[in-house]
There are 2 protein chains.
Amino acid sequence: MKARVTVTLKNGVLDPQGKAIEGALKSLGVEGIGGVRQGKVFDIELDTADKSQAEASLKAACEKLLANTVIENYRIEIA
Amino acid sequence: MKARVTVTLKNGVLDPQGKAIEGALKSLGVEGIGGVRQGKVFDIELDTADKSQAEASLKAACEKLLANTVIENYRIEIA
């Protein structure tokens, strides 16, 4: 079973990396960019075929390691 | 107009960062993880309302800056 976890900064949290990317795109002449915020994506292969067990494992993974829940949101999609 | 660009490593490209995350999850006692590959996600705000122009800008952004197309794939989703 495959899953994708997307971790993004919460609204209101400053994102200097995104700002830097925005500036770089403007310098490179890419038109029409109003703002950029960067996040992370994790493609995870699961050993289990049980969806609820997979969800529990992924939630534990996010809470313990993948996301800093003080400043980041995470979203789990199981394919 | 909002868009999301997801950049992931191509198949066959080694991902030591993903391997490290996989090891860390096992150490933390998260069960059932078979493999992890890490990618990046960019949430982009576009100034234009023209979808084809937005697509062209995003493609340019990916090719010039966001993705290394030798080792990475990118996917553009316009919301």
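Naming convention: chains lettered A, B, ... in sequence-line order (proteins, then strands); numbering from 1 in each chain.
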Let me check something: any side-chain donor-acceptor pairs from residues 53-60 of chain B under 3.5 Å, sequence neighbours excluded? List them with distances.
residue : atom : partner : partner atom : Å
B:Ser57 : OG   : A:Glu31 : O            : 2.8
B:Ser57 : OG   : B:Gln53 : O            : 3.4

Of A:Val5, A:Leu28, A:Thr48, the largest count of non-hydrogen pairs under 4.5 angstrom with chain B goes to A:Leu28
Which residues in residues 36-45 of chain A have any heavy atom closer than 4.5 Å to a heavy atom of chain B? A:Val36, A:Arg37, A:Gln38, A:Gly39, A:Lys40, A:Val41, A:Phe42, A:Asp43, A:Ile44, A:Glu45
Taking everything shown except A:Lys64 itself, do over 12 heavy atoms lie less than 6.0 Å from its NZ? yes
Kindly check if the number of other-residue, nucleotide or ligand heavy atoms within 6.0 Å of NZ (A:Lys26) is above 12? yes
Using distance only, find each side-chain donor-acceptor pair of residues 70-79 of chain A under 3.5 Å and give its atom names and separation, not counting sequence neighbours.
residue : atom : partner : partner atom : Å
A:Glu72 : OE1  : A:Asn68 : N            : 2.8
A:Tyr74 : OH   : A:Glu63 : OE2          : 2.6

Ordered numerically, the heavy-atom neighbours of chain A under 4.5 Å found in residues 7-22 of chain B are B:Val7, B:Thr8, B:Ile21
Side chain proximity check, B:Asp47 to A:Ile33, heavy atoms < 4.5 angstrom: no
